[in-house]
Number of protein chains: 2
Amino acid sequence: MFSKSCEYAIKSMIFIAQKSKDGARIGIKDIAKGTDSPQHFIAKIMQVLSRKKLVHSVKGPNGGFYMDNLDLQNSIADIVKAIDGDGLYTDCVLGLHACSAENPCPIHSEYSVIKKNFIKMIENNTIGEFRDNLDAGNFHLKSILSV
Amino acid sequence: MFSKSCEYAIKSMIFIAQKSKDGARIGIKDIAKGTDSPQHFIAKIMQVLSRKKLVHSVKGPNGGFYMDNLDLQNSIADIVKAIDGDGLYTDCVLGLHACSAENPCPIHSEYSVIKKNFIKMIENNTIGEFRDNLDAGNFHLKSILSV
DNA sequence: AATATAAAAGAGTTTTATGTCTTAATTTGA
DNA sequence: TCAAATTAAGACATAAAACTCTTTTATATT
């Protein structure tokens, strides 16, 4: 479904959204800890997200990542597209180079419905919306018992 | 979603289902051609499916793969589980080691619905059911214009 | 029995994804 | 202005997935 990179990206972004209220900056070490992710690896991922303007970053002492109100309006889908590209939108589930309603693979039609719903989900959920729920402890970005 | 191996597996199995009517055997070269797949690679995949009794095979002249009526009743899900394992059923979409309704990741709940529908789809579609539709030209196992 | 055919098996290669480590650039604050 | 902190960037390492090639085994046919 998502690549590992993309999983890390989504978790990191939600984590930053929660922690960077009031303009606070959150460092890569804390993101790694808070999401159970390999620090240097997600550093590269954050660079991509930063270059693509999905998140803000500042170097130096008291630096780190943060989100402004515009950033918070980005959806999960925006992160996915930034990291994994748009294969989720365009690729045939059975790998046909050309698969369409006119020339479909065997499960094109049924998969289309599922894909539509999945895309709707990741497009409708903005990063900001997760913030309050995370605060309330309604969900997690890492397992309770980390291995 | 599916690994490349799994994509090949599904396409190959549907191809065999169509071509092996009346007990005919279909060789690996024909399967590769008919599904636009790398021959030696799918040979290994077919070995797995054969060992797991999802398809029959005979060696020697006039040998090849075929399906009996029982084989035709297997679902796409059976192929998926044989090749990709049950990660699709069990893994958290964000990679949490433990993700459940009690301790969910941010998108656990919404993804659960989608996952349920996807699983329903691959479990309800048996290989045999595709056969007639493929004959009728209703869908394809490779692109019209192969690259 | 010998030969040809085709899958099974195994070893190896290439490519891509994942993960680590080091250095450079920037910024803050003393 | 200097030192410390922190992201950016790049090079490197490891692992997994995808793909290829060769040899072995089984079987049908002559």
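Here is how names work: the chains are called A, B, and so on, in the same order as the sequence lines, proteins then strands, and each is numbered from 1. Computed from a predicted model, the values in this text were never measured in an experiment. Computed from heavy atoms alone, side chains included, the values below leave out hydrogens, waters and symmetry copies.
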Separation of [N] [atom2] from [X] [atom1] (nearest whole Å):
| X | N | atom1 | atom2 | answer |
| --- | --- | --- | --- | --- |
| A:Q47 | C:dA24 | CD | C1' | 12 Å |
| B:N62 | D:dT30 | CG | C1' | 15 Å |
| B:K53 | C:dA8 | NZ | P | 11 Å |
| B:I45 | D:dA17 | CD1 | P | 13 Å |
| B:L49 | C:dA8 | CG | P | 10 Å |
| A:Y8 | C:dG19 | OH | C1' | 8 Å |
| B:I26 | C:dT5 | CD1 | P | 17 Å |
| A:I28 | C:dG19 | CD1 | P | 14 Å |

*asked:* For A:K44 and B:G64, find the nucleotide of DNA chain C closest to each by heavy atoms; which residue's nucleotide sits nearer the 5' end?
replied: B:G64
*Would you kindly compare A:C6 and A:R25 by the position of their nearest DNA chain C nucleotide and give the one closer to the 5′ end?*
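It is A:C6 whose nearest nucleotide is closer to the 5' end.
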*asked:* I want to check one thing: is the phosphate of C:dA8, taken as OP1 and OP2, less than 4.0 Å away from some side-chain N or O of B:S50?
replied: yes
*Output yes when at least one side-chain N/O atom of A:S57 is less than 4.0 Å from OP1 or OP2 of D:dA8, else no.*
yes
Looking only at the side chain of [X] (C-beta and beyond, no hydrogens), which of the listed nucleotides [options] gets closest?
| X | options | result |
| --- | --- | --- |
| A:H40 | C:dT18, C:dA8, C:dT22 | C:dT22 |
| A:K59 | C:dA8, C:dA25, D:dA9 | C:dA25 |
| B:K4 | C:dA7, C:dC21, D:dC19 | D:dC19 |
| B:P61 | D:dA28, C:dA8, D:dA11 | D:dA28 |

*Relative to each other, are the rings of A:F2 and A:F118 parallel, tilted or perpendicular (30° and 60° limits)?*
tilted
_Using a 6.0 Å distance limit plus a 45 degree cone around the ring axis, check whether A:K11 lies over the aromatic ring of A:F15._
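No, cation not above the ring by the 6.0 Å, 45° rule.
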*asked:* If hydrophobic clusters are built from ILVMFWY residues whose side chains come within less than 4.5 Å, do B:Y8 and A:L96 share one?
replied: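 Not linked; separate clusters.
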*B:R131 and B:K21: CA distance, side-chain angles, deciding distance, side-chain contact (heavy atoms from CB on, under 4.5 Å) verdict*: CA-CA 9 Å; B:R131 193 157 57 157; B:K21 284 179 173 173; 3.3 Å; yes
*Under the 3.5 angstrom rule, does the side chain of B:D68 hit a backbone N or O of B:D71 as a donor-acceptor pair?*
yes
Base, sugar-phosphate or nothing for [X]? Non-hydrogen atoms, less than 4.0 Å.
| X | value |
| --- | --- |
| B:K29 | nothing |
| A:G60 | base |
| A:R51 | sugar-phosphate |

*asked:* Quick check: on DNA chain D, is the nucleotide nearest A:A43 upstream (toward 5') of the one nearest B:F41, or the reverse? Name the residue that is more 5'.
replied: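 Between the two, 5'-proximity favours A:A43.
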